[in-house]
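Because only heavy atoms are used, hydrogens play no part in the values below, and waters and symmetry mates are left out as well, while side chains stay in. Note that the coordinates shown come from a computational prediction; the quantities given were computed from them, not determined experimentally.
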There are 2 protein chains.
Amino acid sequence: MPPAVAVRAVRADVRRNRARLLAAARETFGRDGADASLEGIARLAGVGIGTLYRHFPTRQDLLEAVLADAYDGLAATARELLAAPDPGAALAAWLRAYVSGVTAFPGLAASAAVALRDDPPESSAACRAMREAGSALFARARDAGDVPPDAAFTDALRLAAGIATVTEREPNAAGRLLALASRGVLSGKAG
Amino acid sequence: MPPAVAVRAVRADVRRNRARLLAAARETFGRDGADASLEGIARLAGVGIGTLYRHFPTRQDLLEAVLADAYDGLAATARELLAAPDPGAALAAWLRAYVSGVTAFPGLAASAAVALRDDPPESSAACRAMREAGSALFARARDAGDVPPDAAFTDALRLAAGIATVTEREPNAAGRLLALASRGVLSGKAG
DNA sequence: ACCTGAACACCGTTCAAGT
DNA sequence: ACCTGAACACCGTTCAAGT
């Protein structure tokens with residue numbers, strides 16, 4: 001199968017460029033935020049700007065690729081937390097991890113929120129896997145009676161994304177808002 | 001007092017330019033979102049770009065001036081709702097109005113959230129008045145036992161800002177998330 | 001005192017040429 | 001098949017000149 005070999009050879013090249021672009025993006029976004037210069041990222045990666053655009057047609061595509069790492073970690077965390085004794089506390093811990101994961105640098109949380117819209121663009125495999133793992137954690141908490149029976153997982157995740165977006169780089173504020181949303185702003189009385 | 005007269009004459013000029021810039025900003029932002037071209041706004045207002053920068057040194061300043069209208073309306077609404085019978089329902093209605101008011105166009109909610117940071121920049125008089133009126137509504141709901149006694153008004157408002165930011169142009173989603181945050185993601189059990 | 005707008009610097013994006 | 005980077009278009013911001 002000579003074509004397969006040829007394809008594999010090309011892929012090595014392409015993959016190396018992609019990996020370099022991602023590493024450069026992580027470094028640059030982490031320093032300058034999500035609105036950093038794309039030309040700077042291409043320069044740091046040692047590729048032409050056209051190559052960056054070939055791999056990541058939009059800034060959002062590049063940001064979502066950066067997010068994939070965080071999603072992998074969050075999916076693993078969700079699966080671990082499925083074994084935790086208190087379903088509600090496990091869900092709360094996971095939502096905190098989500099907020100923390102998508103606030104690695106300014107502007108990232110807003111990108112993460114895009115994948116949670118009512119009519120979202122097609123999302124990455126990592127994002128889908130993260131949501132599936134989180135959904136199981138959510139269902140367990142709901143079955144245990146820790147979450148309102150009519151609540152939707154995506155809405156809860158989106159709420160966390162909103163908190164992350166407005167509390168970027170303010171972990172204390174993020175914690176307060178998550179606690180308030182968990183307990184309920186209007187939950188003074190019994191129900 | 002001749003100087004006072006001279007000052008007043010100048011102010012008329014300055015105010016007219018400011019009003020034109022604001023009208024142009026409302027129209028342009030409303031059509032193109034908060035990242036619309038500032039040159040286009042100056043052109044539409046019939047002033048030079050330098051005049052726009054003189055009045056509004058940053059884009060955020062211009063957006064906050066646009067927000068002032070919404071804040072005036074929200075302050076009035078809060079004062080009216082103080083007379084509503086159910087304190088909790090009144091607060092809920094006002095938070096819905098806030099979300100609706102700061103989502104007039106894409107990008108506005110994120111600007112509104114800036115004024116709610118833990119260490120916010122100095123905010124407009126309209127914003128302060130809105131927060132004071134909302135705070136009274138919040139205190140009433142808390143005194144009535146509709147809100148957790150240790151909850152902070154600014155955190156509740158910030159939560160609404162976060163919801164607004166991630167659900168822009170999706171009123172249904174905004175309603176669902178507000179309902180979820182009001183009841184509490186983890187409020188399945190009694191308390 | 002305020003306004004103008006040319007000038008500067010910078011960035012996003014495309015695409016013809018190259019390998 | 002992929003990469004390069006010059007070229008184009010556009011925008012933010014400043015500031016010398018004007019009123």
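Here the P atom of nucleotide C:dC3 and the CZ atom of B:Arg16 are 9 Å apart, to the nearest Å. For the pair A:Leu21 CG and D:dC2 P, the computed distance is 14 Å after rounding to whole Å. Atom pair B:Arg59:CZ and D:dC11:P shows a separation of 10 Å (rounding to whole Å applied). Between A:Asp61 atom CG and C:dG12 atom P the separation is 15 Å, expressed in whole Å. Rounding to whole angstrom units, CZ of residue A:Arg20 and P of D:dC2 are separated by 17 Å. Atom CZ in B:Arg18 sits about 16 Å away from atom C1' in C:dC2, given to the nearest Å. Distance, A:Arg43 CZ to C:dG12 P: 10 Å, rounded to whole Å. Between B:Tyr53 atom OH and C:dA6 atom P the separation is 16 Å, expressed in whole Å.
Closest approach of A:Ser124 and A:Tyr71 over heavy atoms only: OG-CD1, 4.4 Å.
Backbone-only contact: B:Ala36 has heavy atoms under 4.0 Å from sugar-phosphate atoms and none from a base. When heavy atoms are screened at a 4.0 angstrom cut-off, B:Ser37 is found touching the sugar-phosphate backbone but no base atom. If you check every strand for non-hydrogen atoms under 4.0 Å, A:Leu38 touches sugar and phosphate atoms only.
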Expected list for residues 27-40 of chain B: side-chain donor-acceptor pairs under 3.5 angstrom, two or more places apart:
from	atom 1	to	atom 2	distance (Å)
B:Thr28	OG1	B:Ala24	O	2.8
B:Ser37	OG	B:Glu39	N	3.3
B:Ser37	OG	B:Gly40	N	3.1

> According to the Watson-Crick and G-U wobble definition with distances under 3.5 Å, which dot-bracket string, read 5' to 3', encodes DNA chain C, using [ ] for crossing pairs and | for pairs with another strand?
Replying inline: ||.|||||...|||||.||
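At least one side-chain nitrogen or oxygen of B:Asn17 sits closer than 4.0 Å to the OP1 or OP2 atom of C:dC3. At the phosphate of C:dC3, OP1 or OP2 sits under 4.0 Å from a side-chain N or O atom of B:His55.
Under the 3.5 Å distance criterion, with hydrogens and angles disregarded, no donor-acceptor pair is assigned to the side chains of B:Glu64 and B:Ser123. Side-chain contact annotation: B:Arg158 with A:Thr167, donor-acceptor N/O pair under 3.5 Å absent.
Sequence order on DNA chain D of the closest nucleotides to B:Asp35 and A:Arg54 puts A:Arg54 first from the 5' end. Mapped onto DNA chain C by nearest heavy atom, A:Pro57 and B:Gly46 fall at different nucleotides, with B:Gly46 at the one closer to the 5' end.
Nearest nucleotide to the B:Glu39 side chain, out of D:dG5, D:dC3, D:dT13: D:dT13. Here D:dT13 is the nucleotide among D:dC2, C:dC3, D:dT13 with the atom lying nearest to any side-chain atom of B:Ile49.
By the side chain to side chain contact (heavy atoms under 4.5 Å, CB included) test, A:Ala164 is found to be paired with A:Val99, A:Val102, A:Thr103, A:Ala109, residues two or more places apart in sequence or in another chain being considered.
Hydrophobic clustering, with ILVMFWY side chains joined whenever heavy atoms are under 4.5 angstrom apart, keeps B:Val114 apart from B:Leu159.
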> Is there a side-chain contact (heavy atoms from CB on, under 4.5 Å) between B:Met130 and B:Tyr98 once you walk through the steps?
Replying inline: CA-CA 10 Å; B:Met130 179 273 289; B:Tyr98 176 83; 4.0 Å; yes
